[in-house]
Number of protein chains: 2
Amino acid sequence: MTLRRALKDMLYEQVGSLVKGMANAKRLELVELLCQAPKSVETLASEAGISIKLASAHLKELRLAHLVEADRQGRQMIYRITCPEVAGFLVMARGLARNRSFELRHALQEITASAALWTAADDQTLLNQAKRGEITLIDVRPANEFAARHLPYALSIPMMELSARLAELPLGKPVVAYCRGPFCSFSVEAVRFLRDKGFDAFQWPAGAADWISADHESESALFGGAA
Amino acid sequence: MTLRRALKDMLYEQVGSLVKGMANAKRLELVELLCQAPKSVETLASEAGISIKLASAHLKELRLAHLVEADRQGRQMIYRITCPEVAGFLVMARGLARNRSFELRHALQEITASAALWTAADDQTLLNQAKRGEITLIDVRPANEFAARHLPYALSIPMMELSARLAELPLGKPVVAYCRGPFCSFSVEAVRFLRDKGFDAFQWPAGAADWISADHESESALFGGAA
DNA sequence: ACTATATTCTAATATTCGTTAGAATATTAT
DNA sequence: ATAATATTCTAACGAATATTAGAATATAGT
């Protein structure tokens, strides 16, 4: 009986240490950033709003749990997620947290739903509309993240360039903006800005982690992208 | 910029505290046990091999993360998972851990594959075979867990009763045993015992958490059960 | 070889977590 | 009421975590 217990303990211990690798706000954010594209420690630290030293420490934890891996490229270490299931785990955790935490749901609503900024269409409907040109789908993340991976039919217009590139967007037709995911503010800001300018703009709250996991589950290539 | 950061921090903090609720071997085991059926603190403690006090403390953490909830029934507190997604989270974590951890994969193999005890069929194939009577599917968990939730066409033969009920099993046809999940030893023991007695026995490694999450995703009622 | 840059390692801190023991609470049975 | 049982709360302590600062390492460019 004790041998059996020891084995069971070991198995759950293994799962536990993997979950522990994700059991931290900063590490979750780092993983979400790495779902966008492989990134250097420096970039990750700055985008997550923490010191390089702390980012390095968190990345070490993630590496230890085999959730991310890195390769040296010149003088930087470029990190990436080890497999699509890591994105799936993040998506699952985010979804479960939204279900279980009133505070989280409330905070998310305050950002978006207050102004009915988002579109209620599901993934396939949205992509079909984009394919048929019924809507203009814009990716407001930095260009390198678009290059790494993006939704099909999407146009890359990074937030920084948005005000300078309004001419590329149609005035009478819906414009749907997406960014890194539901916790990223880019697309909400883009939609606010575009509405101010008279565009029929909406936000699409899914991001790279969501597509990667959906893509992996459906075994079909949902999104495009080089590198 | 700081306001945005504070909000993002808060959102990831919420997800983090949910993940932290699951980031412990004993809590994972307690959740897996609660996927079988609602249980009292006493039962949980004894089945997980820990003291009642410690079980109570872990259950408090899980309750705080809204992963489980409890109702008083007479003089006992009966705990249960709050929603099917909790099972989904456990299954995802187990799966990712198996992918990422060589040690875990190795340990699991040592239990089962060494003797080729398991069947390679997928869920639907197995259930169809059971439906057509080509195999005999037996549930070797305690009777109350069978009563709470079980696979269709399955026969309840708890481990304790197995040796006394061999007459109910066919000798020429495959007998497939399942239990609480891949980390539970009941079905492996059952198969070893049955093979010793000359039966054509196999193990099916999925358990309640797996069915609950599959069932929830497919939106179809895969399994039966009262209460 | 020398310098600058990017990253990791080491050490130190405060904080949180896991565990155990003892006291306290709530319910049922008498 | 009183006793018995099941569970939770409080306190305590060692172990693990998050964070910061300073030293060390590895690569690229001169």
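Residue numbering restarts at 1 for every chain, and letters A, B, ... go by the order of the sequence lines.
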Select one nucleotide: of C/dT5, D/dC9, C/dG18, the one nearest the side-chain heavy atoms of B/Lys60.
D/dC9
Does the side chain of B/Glu69 pick up a donor-acceptor pair with the side chain of B/Thr82 at under 3.5 Å?
no
For A/His58 and D/dT19, is the shortest distance between a side-chain N/O and OP1 or OP2 below 4.0 Å?
yes
When rounded to whole Å, the CG to C1' distance for the pair B/Leu44 and D/dT8 reads 15 Å
Atom pair distance, as rounded to whole Å: CE in B/Met22 and C1' in C/dC17
18 Å
Output the single nucleotide from D/dT5, C/dT20, C/dT7 whose closest atom is nearest the side chain of B/Arg75.
D/dT5
Measure centre to centre between the rings of B/Tyr178 and B/Phe186, then say whether the value is under 6.0 Å.
no
Considering only heavy side-chain atoms of A/Ile52, the closest of C/dA6, C/dT8, D/dT7 is C/dT8
For D/dA28, does either OP1 or OP2 sit under 4.0 Å from a side-chain N or O belonging to A/Arg72?
no
With the side chain defined as heavy atoms from C-beta on, B/Ala57 is closest, among D/dA26, C/dT27, C/dT19, to C/dT19
A/Glu29 and B/Arg5 ion-paired at < 4.0 Å
yes
Are A/Tyr79 and C/dA6 close enough that a side-chain N or O sits under 4.0 Å from OP1 or OP2?
no
Which residue, A/Gly74 or A/Arg27, contacts DNA chain D at a nucleotide closer to its 5' end, judged by nearest heavy atom?
A/Arg27
Give the nucleotide from the list D/dT19, C/dT8, D/dA26 with an atom nearest to the side chain of A/Leu54.
D/dT19
Let me know the distance between CD of B/Glu61 and C1' of D/dT8, rounded to the nearest Å.
14 Å
Of the listed nucleotides (C/dT19, C/dT8, C/dT5), which one gets closest to any side-chain atom of A/Val41?
C/dT8
Rounded to whole Å, please give me the gap between CZ in B/Arg63 and C1' in D/dT8.
8 Å
side-chain contact (heavy atoms from CB on, under 4.5 Å) with B/Val68: of B/Arg80, B/Arg63, B/Arg27, only one passes, and it is B/Arg63
Of D/dT19, C/dT7, C/dT19, the nucleotide closest to the side chain of A/Gln76 is C/dT7
I need the CD1-P distance between B/Ile78 and D/dA6, as an integer number of Å.
12 Å
Mind checking whether A/Phe89 and B/Phe89 have parallel, tilted or perpendicular rings, split at 30° and 60°?
tilted
Any A/Asn24 side-chain nitrogen or oxygen under 4.0 Å from OP1 or OP2 of D/dT17
no
Among C/dA29, D/dT8, C/dA6, the nucleotide that comes nearest once only the side chain of B/Lys53 is considered:
D/dT8
A/Ser56 side-chain N/O to C/dT7 phosphate OP1/OP2 under 4.0 Å:
no
Taking D/dT20, C/dC17, C/dA4 as options, the one with an atom nearest any side-chain atom of B/Lys20 is C/dC17
